[in-house]
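If you're wondering where the values come from, they're calculated on a predicted model, not measured in any experiment.
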Amino acid sequence: MPTILRNILAVVAGLFLGSVLNMAIVTIGPILIPLPDGVDMSDMDQFAENLKLLKPANFFAPWLAHAFGTLVGAFVAAKIAASHKMKFALGIGVFFLLGGITMAMTFGGPLWFIVLDLVGAYLPMGYLGGTLARATRPQPT
């Protein structure tokens, strides 16, 4: 497969699989850590208001979703990419970071969560995904 096609596939696969994992964790989160009574996070008109009603524990699943979604997306992109593996992994991290910034600017949330999310969930996990993908590559003999 030509290098450019493989690199495009790496980005598409990384974004797709990272997004699927992100949504799976966000969906499962309220089952594991129930939302306060009366909070409906599926109502986008009330989303920002509902964020104010959440307890700190309710932010655990979204942070995990953002971190692991980015980690898996970066890992997959780096594994598939034919060249510049770390750049593609970090590119996935930047893409998800931009999504996180957009969500924070649109809906807000507690400052501690926004800082933790933007600083700890995207670029570090993109770098870790790229590092893990390289570390598992067989070394030539």
Side-chain angles (χ1 to χ4, degrees), residues 1-140:
M1 177 182 294
T3 300
I4 193 155
L5 289 179
R6 188 163 171 177
N7 288 344
I8 291 169
L9 176 63
V11 171
V12 170
L15 292 175
F16 177 76
L17 292 173
S19 297
V20 167
L21 180 59
N22 181 323
M23 287 308 299
I25 295 171
V26 166
T27 301
I28 292 169
I31 296 168
L32 301 175
I33 303 171
L35 298 172
D37 290 336
V39 173
D40 178 12
M41 297 308 287
S42 65
D43 182 359
M44 294 312 288
D45 293 330
Q46 294 297 316
F47 191 85
E49 290 303 315
N50 284 330
L51 280 176
K52 297 174 186 172
L53 303 174
L54 298 179
K55 298 174 185 161
N58 296 118
F59 290 95
F60 183 67
W63 188 85
L64 280 180
H66 301 164
F68 284 129
T70 303
L71 176 67
V72 167
F75 178 84
V76 167
K79 285 301 269 186
I80 294 174
S83 61
H84 306 286
K85 293 177 179 290
M86 185 58 78
K87 289 180 183 176
F88 282 103
L90 290 173
I92 298 295
V94 168
F95 181 85
F96 283 116
L97 173 62
L98 292 173
I101 291 169
T102 300
M103 286 295 290
M105 290 175 58
T106 303
F107 298 109
L111 181 59
W112 67 267
F113 177 74
I114 293 171
V115 170
L116 175 66
D117 196 46
L118 297 181
V119 172
Y122 301 107
L123 296 181
M125 293 299 163
Y127 180 79
L128 181 59
T131 300
L132 291 173
R134 279 200 329 236
T136 58
R137 184 178 61 198
Q139 300 300 320

**Report entry** Crowding at CE, Met44 (>12 non-hydrogen neighbours, <6.0 Å)
**Finding:** yes
Report summary line: Between Pro36 and Leu54, the two heavy atoms sitting closest are CD-CD2, 3.9 Å
Requested in this report: Check Ile80 against Ala13 and note the closest heavy-atom contact, atom names and distance.
Outcome: CD1-CB, 3.7 Å
Query raised in the report: Ignoring hydrogens and geometry, is there a side-chain-to-backbone donor-acceptor pair from Asn22 to Gly69 under 3.5 Å?
Result: no
**Report entry** Validation row, ring centre Phe96 to ring centre Tyr122 under 6.0 Å
**Finding:** no
Query raised in the report: Taking all atoms of both residues into account, what is the closest heavy-atom pair of Ala89 and Gly130, and its distance?
Result: CB-CA, 3.5 Å
Query - salt bridge (Lys or Arg N to Asp or Glu O under 4.0 Å) contacts in which one or both residues fall within residues 102-117, not counting sequence neighbours - result: none
Query raised in the report: Heavy atoms, side chains only, cut-off 4.5 Å: are Leu71 and Leu132 in contact?
Result: yes
Requested in this report: Indicate yes or no for a side-chain donor-acceptor contact from Arg134 to the backbone of Met86 under 3.5 Å, with no hydrogens or angles considered.
Outcome: no
Query - Neighbour count above 12 (heavy atom, 6.0 Å) for Phe107 CZ - result: yes
Query raised in the report: Does the side chain of Leu51 come within less than 4.5 Å of Met41's, by heavy atoms?
Result: yes
Query raised in the report: Closest approach of Ala77 and Ile92, non-hydrogen atoms and distance?
Result: CB-CG1, 3.7 Å
Requested in this report: Report the distance from atom OG1 of Thr131 to atom CE of Met125, rounding to the nearest 0.5 Å.
Outcome: 11.5 Å
Query raised in the report: Would Val115 and Leu111 count as a side-chain contact (heavy atoms from CB on, under 4.5 Å) if you check the C-alpha gap in whole Å, the side-chain angles of each, and the deciding distance to 0.1 Å?
Result: CA-CA 6 Å; Val115 170; Leu111 181 59; 4.0 Å; yes
Query raised in the report: Are Leu53 and Glu49 close enough that some pair of their side-chain heavy atoms sits under 4.5 Å apart?
Result: no
Requested in this report: Calculate, to the nearest 0.5 Å, the distance between atoms CG and OG1 belonging to Leu97 and Thr102 respectively.
Outcome: 9.0 Å
Requested in this report: Using atom types as modelled and distance alone, determine if a side-chain donor or acceptor of Lys79 lies under 3.5 Å from a backbone N or O of Phe75.
Outcome: no
Requested in this report: Given side-chain contact (heavy atoms from CB on, under 4.5 Å), test Asn58 with Phe113 step by step and report yes or no.
Outcome: CA-CA 11 Å; Asn58 296 118; Phe113 177 74; over 6 Å; no
Report task. Work out which heavy atom in Pro30 is nearest to a heavy atom in Leu35; give both atom names and the distance. Result -> CB-CG, 4.0 Å
Query raised in the report: If you measure from CG on Leu90 to NZ on Lys85, what distance do you get to the nearest 0.5 Å?
Result: 14.0 Å
Report summary line: Minimal heavy-atom distance between Trp63 and Ala121, with the atoms involved, is NE1-CB, 3.6 Å
Report task. Spell out, as yes or no, whether a donor-acceptor pair under 3.5 Å connects the side chain of Asn50 to the backbone of Asp40. Result -> yes
Query - Value rounded to 0.5 Å, distance of NE2 in His66 from CG in Leu116 - result: 11.0 Å
Query raised in the report: Should the heavy atoms of other residues, nucleotides or ligands under 6.0 Å from CD1 of Ile4 be counted, would the total exceed 12?
Result: no
**Report entry** Set of residues satisfying side-chain contact (heavy atoms from CB on, under 4.5 Å) with respect to Leu21, sequence neighbours excluded
**Finding:** Ile25, Phe68, Val72
